[in-house]
Amino acid sequence: MKRNQAIKFWNALDASTNINEVISSFENKHGYDGKRTLQRYTQAHKGFRQGLSLQNISSKTGWGKSFVDKLEGWWKGEFTPLANTPRKTNGEVFSNSQERYSEEWNHYHKIKESIIRLQHPSGIKIRELLDIIERERVTLDDSKLQNDLDEFIAAVQESVDLYMSIPPITQVINRTSRRMNKRYPRK
């Protein structure tokens, strides 16, 4: 993607509450890349916003440090990091108010709460809960975790389509909790 396309994509991310819709709307458009590349641009945008090191963003996206450095130049011309967010060197320097991986855990708690609510939707539509899971899952940079949640979402959708009960949630919560603790350890 070119600079103006990346900025247009990042602005669309900031203007929306549904990351997957934004990615879908840009996916394979002329000049834009596929889903995985757009997810990487999303991860880079989030990393720049948080003030993460270029090395950290490079490892999350899978892109080389020089390419991430180039993207940061584009990004800095249009966006600003969150207030009071010092640049983290190799992910080890944190402000007093920010615990390591706290944002990832906040996203996961929303996912977990939505999974639990699926058992007894009482007034909340199942589709809304699945949208929350899907939106929040994109922010977690772990392919195994994403795959587990994708499989669960597909199973729930199939159950709803066939008028069956929702699959048991205990296994998916246990699996994803273990993966979260492994990928985003708490201090």
Side-chain angles (χ1 to χ4, degrees), residues 1-27 29 31-114 131-146 149-150 176 179-187:
M1 287 186 342
K2 295 181 180 173
R3 180 185 185 275
N4 61 341
Q5 292 168 314
I7 291 168
K8 183 177 180 179
F9 177 70
W10 290 328
N11 277 320
L13 287 174
D14 286 347
S16 177
T17 58
N18 191 329
I19 293 170
N20 284 328
E21 280 182 8
V22 174
I23 290 173
S24 293
S25 70
F26 282 85
E27 187 177 355
K29 260 184 158 178
Y32 291 88
D33 294 314
K35 182 177 183 176
R36 178 61 188 127
T37 301
L38 292 173
Q39 287 174 337
R40 289 176 181 185
Y41 274 92
T42 302
Q43 291 167 335
H45 180 57
K46 177 183 163 192
F48 297 143
R49 183 78 70 199
Q50 294 174 336
L52 298 179
S53 70
L54 297 181
Q55 180 67 34
N56 192 325
I57 295 170
S58 177
S59 69
K60 285 179 182 233
T61 61
W63 285 328
K65 195 173 173 187
S66 61
F67 184 70
V68 172
D69 187 39
K70 176 178 136 182
L71 289 182
E72 184 183 40
W74 295 355
W75 189 89
K76 277 185 173 179
E78 302 291 326
F79 303 93
T80 56
L82 295 173
N84 301 324
T85 304
R87 176 171 289 281
K88 300 168 185 164
T89 55
N90 297 324
E92 295 302 323
V93 176
F94 302 94
S95 66
N96 293 337
S97 63
Q98 189 174 22
E99 180 185 319
R100 186 175 187 187
Y101 301 126
S102 64
E103 185 170 343
E104 287 83 355
W105 279 98
N106 286 336
H107 291 291
Y108 178 69
H109 289 303
K110 290 176 187 175
I111 290 169
K112 187 175 171 183
E113 180 181 315
S114 296
D131 285 345
I132 292 169
I133 295 168
E134 192 144 346
R135 180 177 59 245
E136 299 298 327
R137 127 192 122 65
V138 172
T139 62
L140 302 173
D141 303 324
D142 185 85
S143 60
K144 179 158 179 28
L145 193 56
Q146 297 236 1
L149 291 169
D150 279 342
T176 56
R179 187 63 190 172
M180 281 295 294
N181 284 312
K182 183 175 183 179
R183 175 66 176 89
Y184 302 108
R186 295 179 177 180
K187 286 198 171 196

Classify the ring geometry of H45 against W10: parallel below 30°, tilted from 30° to 60°, perpendicular beyond 60°.
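Taking W10 first and then H45, their aromatic rings lie parallel (interplane angle under 30°).
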
Smallest separation among heavy atoms of [X] and [Y], with atom names:
X: M1; Y: A6; result: CE-CA, 3.6 Å
X: Y184; Y: D141; result: OH-N, 2.8 Å
X: V22; Y: F9; result: CG1-CE1, 3.8 Å
X: N18; Y: R135; result: CA-CD, 3.7 Å
X: S58; Y: G64; result: OG-C, 3.7 Å
X: S114; Y: I132; result: OG-CG2, 3.2 Å

Any side-chain heavy atom of [X] sitting closer than 4.5 Å to one from [Y]?
X: R183; Y: L145; result: no
X: W63; Y: L54; result: no
X: L140; Y: M180; result: yes
X: H107; Y: E104; result: no

Go through I23 and Y32 one step at a time and tell me if the side chain to side chain contact (heavy atoms under 4.5 Å, CB included) criterion holds.
CA-CA 10 Å; I23 290 173; Y32 291 88; over 6 Å; no

Roughly how far apart are [X] [atom1] and [Y] [atom2], rounded to 0.5 Å?
X: Q39; Y: K60; atom1: CD; atom2: NZ; result: 14.0 Å
X: Q146; Y: T139; atom1: CD; atom2: OG1; result: 8.0 Å
X: E27; Y: T37; atom1: CD; atom2: OG1; result: 10.0 Å
X: D131; Y: E21; atom1: CG; atom2: CD; result: 7.0 Å
X: K112; Y: I133; atom1: NZ; atom2: CD1; result: 13.0 Å
X: F26; Y: K8; atom1: CZ; atom2: NZ; result: 5.5 Å

Taking everything shown except K29 itself, do over 12 heavy atoms lie less than 6.0 Å from its NZ?
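Correct, the count exceeds 12.
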
Decide side chain to side chain contact (heavy atoms under 4.5 Å, CB included) for K35 and L38; before the verdict, give the C-alpha distance in whole Å, the side-chain angles of both, and the deciding distance to 0.1 Å.
CA-CA 5 Å; K35 182 177 183 176; L38 292 173; 5.9 Å; no

Using a 3.5 Å distance criterion without hydrogens, assess whether the side chain of [X] forms a donor-acceptor pair with backbone atoms of [Y].
X: N11; Y: I7; value: yes
X: K144; Y: R179; value: no
X: R40; Y: T61; value: yes

Y41 ring center within less than 6.0 Å of W75 ring center:
no

Working note: R3 + E78, criterion side chain to side chain contact (heavy atoms under 4.5 Å, CB included); need CA distance, chi angles, decisive distance, verdict.
CA-CA 11 Å; R3 180 185 185 275; E78 302 291 326; 3.4 Å; yes

Does I19 form a side chain to side chain contact (heavy atoms under 4.5 Å, CB included) with T42? I'd like the steps, not just the answer.
CA-CA 8 Å; I19 293 170; T42 302; 4.0 Å; yes

State whether D14 and R49 are salt-bridged, where the test is any N-O pair (Lys NZ or Arg NE/NH1/NH2 against Asp/Glu carboxylate O) under 4.0 Å.
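Here D14 pairs with R49 in a salt bridge, since their nearest N and O are under 4.0 Å apart.
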
Sole residue of E136, E134, R137 in side chain to side chain contact (heavy atoms under 4.5 Å, CB included) with L149
R137

